[in-house]
Amino acid sequence: MSINLEQLRQTQQTLAKQVILTDAFCQSVKFIGGTDVGFEDDGHVTKAAIVVLTYPDFKVVEYHIARIKTQFPYIPGYLSFREYPALIEAWQQVTQKPDLLFVDGQGVAHPRRLGIASHLGLLLDMPTIGVAKKKLCGQYESLPKQAGSVTPLQDKQEQIGWVLCSKNNCNPLFISAGHRVSQDSALKWVNLCLRGYRLPEPTRWADAIASNKPLFKNFKHAQ
DNA sequence: GCGACAG
DNA sequence: ATCTTGTCGC
């Protein structure tokens, strides 16, 4: 398999123009989804997890895991091409489609404004929000490690997202609009989904499912 | 040239 | 992302 980054770059630039940064979903949110990707067999298998939670009580409605052969390497700035195939496969198994989807990674806080959250949002035609644990690009002023503190993430005179301290003494999260949501709403929804942990509930559950963490193991045991 | 670099 | 023990702090 050969990779033409120049071509993929063109693809991103074209798709980026289709991203909608306004709140085009006005219905009440009753279900929120979360996605995360993990790897198995030394990276040869991509494992995608999608979870659907009720809002605002965050009960697990359903979850799905898809495993496919990994067919693209990790290249900063091109993460979506590595992960979206598995995510789409998992998405097709979802019965109760959520009103809003939290994606692990950047939304428009990306060099070409098409992080995985935006890319997936376009492919699924869904409102998405990017929740990343690390910065990909942009600059921001240092902020206190106090839950609730937030500062804009900027790139060339443009706000591309937010840097949010979601829990005391924890590293901040990098929040950005994915698709069909405004930057303000992206931040608002993340705050509405925080429950005392660093990660908002949809992301926390998806992470636990994709990586088979205690939260998920205990949940299965109780089922 | 050098550092930075989602998962 | 993943491989992994103990350890420090709230």
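Within every chain, numbering begins at 1; the chains are lettered A, B, ... in the order of the sequence lines, protein sequences first and strands thereafter. None of the values given here were measured: they were computed from a predicted structure.
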Compute the ring centroids of [X] and [Y], then answer whether they are less than 6.0 Å apart.
{"X": "A:His119", "Y": "A:Phe81", "answer": "yes"}
{"X": "A:Tyr63", "Y": "A:Phe216", "answer": "yes"}
{"X": "A:Tyr197", "Y": "A:Trp205", "answer": "no"}

So what does [X] touch, heavy atoms closer than 4.0 Å: a base, only the sugar-phosphate, or nothing?
{"X": "A:Gly77", "answer": "base"}
{"X": "A:Tyr78", "answer": "base"}
{"X": "A:Glu83", "answer": "sugar-phosphate"}

Among side-chain atoms of [X] and [Y], is any donor-acceptor pair under 3.5 angstrom?
{"X": "A:Gln13", "Y": "A:Arg112", "answer": "no"}
{"X": "A:Ser185", "Y": "A:Ser182", "answer": "yes"}
{"X": "A:Gln223", "Y": "A:His221", "answer": "no"}

Taking any atom under 4.0 angstrom from a heavy atom of chain A, which nucleotides of DNA chain B are the first and last to qualify, 5' to 3'?
-> B:dC5 to B:dG7
Are [X] and [Y] packed together at the side-chain level, in the sense that at least one heavy-atom pair is separated by less than 4.5 angstrom?
{"X": "A:Trp189", "Y": "A:Val29", "result": "yes"}
{"X": "A:Phe58", "Y": "A:Cys193", "result": "yes"}
{"X": "A:Gln183", "Y": "A:Ser176", "result": "yes"}

Watson-Crick or G-U stems involving DNA chain C, each at least 3 pairs long, distances under 3.5 Å, ordered by first number |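 When the pairs of DNA chain C are grouped into runs of at least three, no such run exists.
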Hey, which of these two, A:Lys133 or A:Asn168, hits DNA chain C nearer its 5' end, going by closest nucleotide?
->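 With A:Lys133 and A:Asn168 compared, the 5'-side residue is A:Lys133.
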A:Asn169 vs A:Asp207, nearer the 5' end of DNA chain C by closest nucleotide =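 The residue closer to the strand's 5' end, by nearest nucleotide, is A:Asp207.
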Give the rounded distance in Å between these two atoms: CG of A:Asn212 and C1' of C:dA1.
->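 A:Asn212 atom CG is separated from C:dA1 atom C1' by 16 Å.
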Between CG of A:Asn171 and P of C:dG9 the distance, given in whole Å, is 16 Å
Taking atom OG1 of A:Thr151 and atom CD of A:Gln139, what is their separation to the nearest 0.5 Å?
-> 11.5 Å
Establish, for the pair A:Arg204 and A:Phe102, whether the NZ or CZ atom is under 6.0 angstrom from the six-membered ring centre and no further than 45 degrees off its axis.
-> no
Mind listing the residues from residues 33-42 of chain A sitting with a heavy atom below 4.0 Å of DNA chain C? Number order is fine.
-> A:Gly38, A:Phe39
